Structures are given as structure tokens and as C-alpha cells.
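To start, the structure itself, in C-alpha cells.
Residue numbering restarts at 1 for every chain, and letters A, B, ... go by the order of the sequence lines. The basis for the numbers below is simple: all heavy atoms, side chains too, and nothing from hydrogens, waters or symmetry mates. Keep in mind that this is a model prediction, so the values were computed, not measured.
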2 protein chains.
Amino acid sequence: MARTRGSHSDITGPRVERAALRLFAKHGYAAVSMRQIATEVGVQAGALYNYTPDKQMLLVSLMKTHMQDLLAAYEAWPKPVDPLGRLEAFTRFHLSFNSERPEAVFISYMELRNLTPEHFNEIAALRSRYERALVEILEDGVQDGIFQLEDARVTAFAIIGMLTQVNTWFREDGRLSRADVEALYWTMVQRLVSA
Amino acid sequence: MARTRGSHSDITGPRVERAALRLFAKHGYAAVSMRQIATEVGVQAGALYNYTPDKQMLLVSLMKTHMQDLLAAYEAWPKPVDPLGRLEAFTRFHLSFNSERPEAVFISYMELRNLTPEHFNEIAALRSRYERALVEILEDGVQDGIFQLEDARVTAFAIIGMLTQVNTWFREDGRLSRADVEALYWTMVQRLVSA
DNA sequence: GTCTATAAGATGATAGAC
DNA sequence: GTCTATCATCTTATAGAC
């Protein structure tokens, strides 16, 4: 059966999300109007409400998708069994995953304050699951006598903080390649745990 | 001579800046209206324009003041002459200064995208002066054979990234005191440069 | 210096035609 | 599924009285 003319729900839906992602990252959630998103997609503002109940849910959906993608991709990432190998896998995974979606990473950190408490807690829970994975690697390494560190939770924050910061300065056409950056940060992470 | 009744320029001015700082940090620059700021200060919206030509300059002024305060405070901070002592001074200064003004720190990083190119470059230049100070400490330490690291600029970014991240999780009533956090991070910074 | 009033336009969201 | 038209409200900024 032929499709109704002008019906593109399976095409327009993803385009709305991508446009919102791009514009929210560039100007901030509050600064972007539904009309701007509609213009970017090539439809009228009213048509957006076929894809989201309101502006807030558009943001929530972007952030939730990003955090779920992060967790799913990390679980699928090849991981050795020894703590040092797992720490290297985590380091390289984090740098690689984040470098491929700078906009979603930026939004997921930046726009937390625009979430209602319920949505905030949902995103925060996903984020802690990821952080918890690193804490466990560090604790295992300490137990095996391979790592030396004072506080696994604070060290995990420090590692994630320094790895995530890369997105603020890395440029594709800069002095260093992605491989250079990965190697430098893996060396620094090893030093941080005295491995 | 008696003051004109209702004239409070020396009191209201700072109150406008403080209200804007608080509200911009909480909700984001774009999400805050001049009416909200006026309500917080206790005046009508029109009165704000005695203290700022427009909303944009209110943001620029907050960010510029913060960066200049940062540089001035760092210059006044007691600094040893040896690289290791200077690195410790930088670490403790950064944690201490940032912990005292979380809102200004947040805004100065978060709202860069809302600046016109001219204002952005001005703020970015102040920021690099600060980063440059750390790079020089690291380079001096390498030259003296005290530090071992591959890339002084990337290491400086990593250190600043991990130190600045503290503001996102530290709570006054949490498990760790400020002194605990300073000690933990100073240990980690030393490890990062193999000192 | 602060007020009230207002200009000129943008905003999120909905209703109903096609 | 998309459009046009519209509502009610909010926005930044200014003018002029006090």
C-alpha cells in the first residue's frame, strides 16, 4: 500500500533529534527555540509535536539515549581480565567514545540543570553505573597489589575528569593525532595509579 | 550633603552582579530574564539598565571579573622557587580558589558559547595566561630532572581538568573535608609528573 | 536612581484544514 | 504528517514622570 504523501515519520523523527542535538550543543537548550529546530529540519514548528510531547522531553530523550549508548558500548568493548588491562580498555574506550560524539557529551554534562528532579535522577543513575565500573577496576587493582592509590572513588573522578576534558581542546587538525592523545593519556592514567 | 532618596548605585550595582551570577549559574544565561534578576535584587526591570548597557555585557563583566580575580589571586599566592614547590602551590591554589566561587567557575566555562567572538577571545586570552603558568612549572621541572612527563601542555590540561572537576562532586557535608581533598589531589598530581 | 508604561517582537504549544 | 493560523504569554529594551 502506498504511503500517505508527506508522511515521513521514520525519516523526520531522527532528523528532529539530530537538529536538536546540534543546536542545543551550540547555543544551549534554553537559547534554542522550537522554530529554530523546525527550520533546521525543514518543517514548520507545529510538526515537531508529532515527535515529542514538548521541548523538555526532546532534551531528556537526547541525554537518556546518550547515556544508554555509553553503557551499551562499554559493555560490548573488549576487556581483558587483569586490572591493568581493564584500566587500559576503560581509558581507550572513554577517549574513543567521547571523541566521536562531542555534542552529546557536552549536552549530557551541561544541561543537567534543565532537567526536572525525576529526569535528573534517572540520568545521574546511569552515569554512576559507568563511574562504578571504573571504581571496581581500581579496587581490584589495589587488592591485587598492582595499583597504589589512596581513594578509589576520588581517583575514578580524577581519571574521568581528565579524560573528558580532552574534548574541550582536541582538534582534528591539531598538533596531536587521536592515537597520540590516547597514548599520552594512557601513560598518565598509569602514573596516576602508580602502575 | 544628603543623598537623593532612592539612590543606591553603590549598593544596587554589586547586588545586580551577584543576582545575575547566582541565577546564570543555576539556570543558564539564556534561561534567565532581566525581570528575574530585577526581582531577586528587589527593583523593577528597567532599573537594571542603570548598571549594564544590556544583558550580554552583564555576562561578559562577570566572566572577565572572574578571570582577572583568578590571575591576580594567583600572582599574590605565596610561591616557592623550586618546581615541585611551585606545582604544589598551583595545585592548592587552584583547588582553594575554585572551591570558594563555584558559580563563577561554572559560568566562566559554561557560558563561553554565549559570547561574541571579541569577548570570547578576551576571556580565552586570560585563561591561557593561567594555563601557561602551569606549563612553565612543568617545563622547569622537566629541565631540572625532577618531573618526568611526555608533553607539558597536555599534562597541564590534564591537571587543570582533574582539579576543576572537583567542583562537580565536592560537598561541604560529604565524606571528605577540603583538606582531605587537597591532600589527595596533591598526591595524584605528584604521581602524574612522576615526582 | 527608580518607577510605570509601553514598544516591538519572540516564545511554547494547540486547533483544525488538507 | 504537515501546514497555517492563532493564543496567551513572555522577552529585551526604552521613554518619561518623579
Legend entry - Base-contact (B) and sugar-phosphate-only (S) positions in nucleotides 3-18 of chain C, heavy-atom cut-off under 4.0 Å, - elsewhere: SB------BBBB----

Give me each pair satisfying salt bridge (charged side-chain N to carboxylate O under 4.0 Å, His left out) with a member in [range], each pair once, sequence neighbours excluded.
| range | result |
| --- | --- |
| residues 106-121 of chain A | E111(A)-R113(B), R113(A)-E111(B) |
| residues 11-22 of chain B | R22(B)-E40(B) |
| residues 57-70 of chain A | K64(A)-E122(A) |
| residues 142-168 of chain A | E150(A)-R191(B), D151(A)-R175(B) |

Inset, instruction - Would you indicate, yes or no, if dG1(D) has its OP1 or OP2 atom less than 4.0 angstrom from a side-chain nitrogen or oxygen of T12(A)? - result: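 For dG1(D), OP1/OP2 do not have a side-chain N/O of T12(A) under 4.0 Å.
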
Inset, instruction - Take atom CG of L48(B) and atom P of dT11(D), then tell me their distance rounded to the nearest Å. - result: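 From L48(B) CG to dT11(D) P: 13 Å.
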
Inset, instruction - Could you tell me which residues satisfy side chain to side chain donor-acceptor pair (under 3.5 Å) with H66(A), sequence neighbours excluded, listed by chain and number? - result: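 If we apply the side chain to side chain donor-acceptor pair (under 3.5 Å) test to H66(A), skipping adjacent residues, there are no hits.
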
